Every structure is written in C-alpha cells, then in structure tokens.
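The structure displayed is predicted, hence computed values, not measured ones. We number each residue from 1, following the sequence as shown.
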Amino acid sequence: MEELIKKITEWIFKYQEKYYAKKYQKHLHNIKFSSENSTSKTHIQAGIKLFLNSKTEQNKKKRDEDVKEIVTQNLKHPEMLLEYIEKNGTKVFKIPYADKLLKFVGEEEGFITPTKGINAFVLNIALEKKLGFKTEPMFVLNNTPVNIYKMAHQFHKWYGYRMQLPGFDDEVQQKFKKIWEYEIDENIQTLSYEDIMSLKEAIHRDIEAIDFVTKLAKESDGAKKVFENIKNKNDETNI
C-alpha cells in the first residue's frame with residue numbers, strides 16, 4: 001500500500017510538471033522564474049532548471065538522525081514525545097471530540113500547520129477559547145492512548161517544519177491539504193508552475209515521513225502494526 005501511495009502521488013506531480021512545462025514553454029524562453037526558502041533555491045531561465053539544495057539535503061539528514069534518536073528513546077512512552085513538542089513551543093490538545101472537530105475543518109489528527117480563514121476561526125474558538133482567523137502550529141489528538149507509529153509520523157513532519165524544510169510554507173500547506181482536488185483539470189489549470197514545484201516538495205515531506213516510520217517499524221517489534229496502519233490510512237490513520 002505504501003508503494004502504491006508513493007507511485008500514485010509521484011505520477012500525479014510528474015504529469016502536472018510536464019503539463020506546465022509544456023504550457024509555459026514559449027514563455028520560459030523570455031521569463032526568469034525563481035523560487036526559494038531558507039534552505040533551497042530553484043531557478044529557471046530559457047527552459048533550464050537549476051536546483052541549489054545542498055543545505056536542504058543536509059537538513060533532511062539531520063532531521064532523520066535527530067528524530068530517530070528522540071523517537072527510539074521513547075518507543076514505549078510515546079506520550080513523552082508530546083511533552084517534547086510542548087517544551088519546544090508547539091501546543092498540544094488532546095480532546096475526546098478531536099476526530100469530529102478536525103473533520104469539520106478539513107484537517108487530520110496530529111500535526112496541523114498554521115491555517116487561516118473560517119477553519120482557523122473554528123479551531124481558535126474550540127481549542128484556544130479566543131477569536132482569531134489564523135492559528136499557530138499545533139497538535140490535535142483524540143483523548144486516547146498515543147500510538148507510537150502514528151505519533152512518529154506526525155513528529156517527523158513537525159520536526160521538518162521547525163527546521164524550515166521546503167514544502168511547509170503556510171500557503172503551500174493549504175494547497176497540499178486539498179491535493180486530490182487538483183486531479184480535476186479545471187483545478188489544475190488554476191495552479192502556477194511555482195505552485196506545482198512547491199507542492200512537489202510538500203508531497204516529498206509526507207513520503208519521507210512514511211519512509212521513516214516504515215524503517216522504524218522494521219527495526220522494532222511493531223512492524224506488523226505500522227503496515228496495518230499504512231494499509232488502513234484512508235480509514236482512520238495519518239500514516
């Protein structure tokens with residue numbers, strides 16, 4: 001199931017990239033395109049693409065090393081990961097109605113990147129007991145025992161967010177949460193070439209988190225559990 005998810009998502013983005021490359025082929029001969037964040041840069045001129053992401057690759061390696069060390073120390077006590085998250089400035093909410101609330105605002109249980117608009121307003125009212133149309137990054141979980149593999153997946157993404165890896169920008173994440181809508185031709189045409197490139201980074205971060213959990217499971221006694229979670233992703237898990 002994991003490989004199928006990866007193949008489908010990669011195919012979608014390869015198709016979209018080719019679509020926009022062809023669509024903008026004439027314009028790219030005359031227009032410069034540049035996209036960057038704190039760790040990577042993409043430059044396009046005259047149809048030539050150049051990636052400068054050595055810092056990103058270094059950060060990804062450090063992320064995996066750090067997360068593996070922290071998670072393996074708490075395999076039997078996943079609640080400690082929540083304490084670590086709170087100590088590092090991200091609020092954690094464990095509530096009995098989390099699944100219903102998150103479904104209502106179009107989110108999934110676990111790490112939620114900053115969001116804006118009416119959904120942010122609902123989250124602020126329900127969780128923070130305040131008015132506001134923008135949220136801070138947060139964890140929202142059901143008030144049940146923490147599953148280490150689901151938690152490791154979300155912890156991995158949270159750690160990457162804190163390291164400012166590409167794909168976690170607020171606007172990119174908002175588009176990423178609606179990713180399957182972009183299979184519709186009309187919606188694809190509303191995306192810019194920069195949107196496509198940014199969304200590829202977002203999907204890579206998600207796939208990297210899945211790969212991390214898979215490797216973690218293979219190295220522990222819980223391999224069967226994680227593969228069952230991956231298989232049932234669309235039903236009730238975030239892995």
Side-chain angles (χ1 to χ4, degrees), residues 5-6 9-10 12-13 16-17 33-43 51-68 70-71 81-82 84-93 102 105-117 119-120 123-124 127 132-141 150-182 191-213 233 237-239:
I5 293 172
K6 290 169 67 173
T9 52
E10 288 292 346
I12 290 172
F13 282 101
Q16 291 178 339
E17 183 176 354
F33 168 82
S34 179
S35 175
E36 64 180 280
N37 70 359
S38 61
T39 62
S40 66
K41 296 181 180 180
T42 300
H43 297 285
F51 293 98
L52 303 174
N53 63 350
S54 60
K55 182 62 175 177
T56 293
E57 293 305 315
Q58 293 174 16
N59 284 350
K60 284 167 56 178
K61 182 178 180 180
K62 176 173 172 52
R63 173 204 59 192
D64 289 346
E65 292 173 349
D66 290 351
V67 172
K68 183 176 181 179
I70 297 168
V71 171
L81 294 178
L82 297 178
Y84 182 95
I85 290 166
E86 289 189 298
K87 287 180 181 179
N88 282 274
T90 299
K91 291 185 178 181
V92 175
F93 299 94
L102 295 174
V105 297
E107 299 285 355
E108 293 185 345
E109 185 180 357
F111 176 51
I112 301 176
T113 55
T115 187
K116 299 178 182 179
N119 288 338
L123 288 173
N124 278 323
L127 302 174
F133 288 91
K134 182 177 181 179
T135 62
E136 298 295 325
M138 63 177 71
F139 267 78
V140 183
L141 306 166
K150 292 174 65 176
M151 190 64 227
H153 176 257
Q154 297 297 307
F155 187 85
H156 188 276
K157 293 202 295 184
W158 171 79
Y159 208 93
Y161 172 85
R162 283 178 51 82
M163 293 185 71
Q164 297 183 316
L165 287 173
F168 286 112
D169 309 73
D170 293 354
E171 292 185 5
V172 173
Q173 281 294 308
Q174 292 306 307
K175 291 182 174 68
F176 177 61
K177 291 169 185 177
K178 299 178 180 179
I179 189 64
W180 300 112
E181 294 179 13
Y182 297 134
L191 297 175
S192 67
Y193 192 84
E194 183 176 6
D195 286 335
I196 298 300
M197 301 307 295
S198 298
L199 283 168
K200 283 191 68 175
E201 292 290 353
I203 197 71
H204 283 319
R205 300 295 83 81
D206 204 58
I207 289 173
E208 287 162 6
I210 292 173
D211 286 341
F212 171 80
V213 176
K233 180 180 188 300
T237 75
N238 293 321
I239 295 180

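- Between Leu81 and the choices Ile70, Val92, Val67, the side chain to side chain contact (heavy atoms under 4.5 Å, CB included) rule is met once, by Ile70.
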* Please step through side-chain contact (heavy atoms from CB on, under 4.5 Å) for the pair Met151 and Ile85, ending with a clear verdict. => CA-CA 11 Å; Met151 190 64 227; Ile85 290 166; 3.5 Å; yes

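- Within the 3.5 Å criterion, the main-chain N or O of Gly167 finds a donor-acceptor partner in the side chain of Gln173.
- For Trp158 and Phe155, the ring centers sit closer than 6.0 Å to each other.
- No donor-acceptor pair closer than 3.5 Å links the side chain of Arg63 to the backbone N or O of Leu165.
- Screening Leu102, Ile112, Val105 against Asn119 for a side chain to side chain contact (heavy atoms under 4.5 Å, CB included) leaves a single residue, Val105.
- Inter-residue side-chain proximity for Glu136 and Thr90 is flagged as unmet; no heavy-atom pair is nearer than 4.5 Å.
- For Phe212 against Asp64, the heavy-atom pair with the smallest separation is CE1-O, 4.1 Å.
- To the nearest 0.5 Å, atoms CG (Leu127) and CE (Met138) are separated by 5.5 Å.
- Using a 4.5 Å heavy-atom threshold, the side chains of Leu82 and Leu141 count as touching.
- Summarising the geometry of Val71 relative to Ala152, their closest heavy-atom pair is CG1-CB, 4.1 Å, with the distance given to 0.1 Å.
- Between the side chain of Thr135 and the backbone N or O of Thr115, at least one donor-acceptor pair lies under 3.5 Å.
- With rounding to the nearest 0.5 angstrom, the CD atom of Glu208 is 4.0 Å from the NZ atom of Lys60.
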* CA sep, side-chain torsions, deciding dist, call: Asp206, His153, side-chain contact (heavy atoms from CB on, under 4.5 Å) -> CA-CA 9 Å; Asp206 204 58; His153 176 257; 4.0 Å; yes

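- Between Tyr161 and Phe168, the angle of the ring planes goes over 60°, which puts this pair in the perpendicular group of the 30/60° scheme.
- Using a 4.0 Å cut-off between charged nitrogen and carboxylate oxygen, Glu201 and Arg205 count as a salt-bridge pair.
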* side-chain contact (heavy atoms from CB on, under 4.5 Å) between Gln154 and Lys157: does it pass, once the steps are laid out? -> CA-CA 5 Å; Gln154 297 297 307; Lys157 293 202 295 184; 3.8 Å; yes

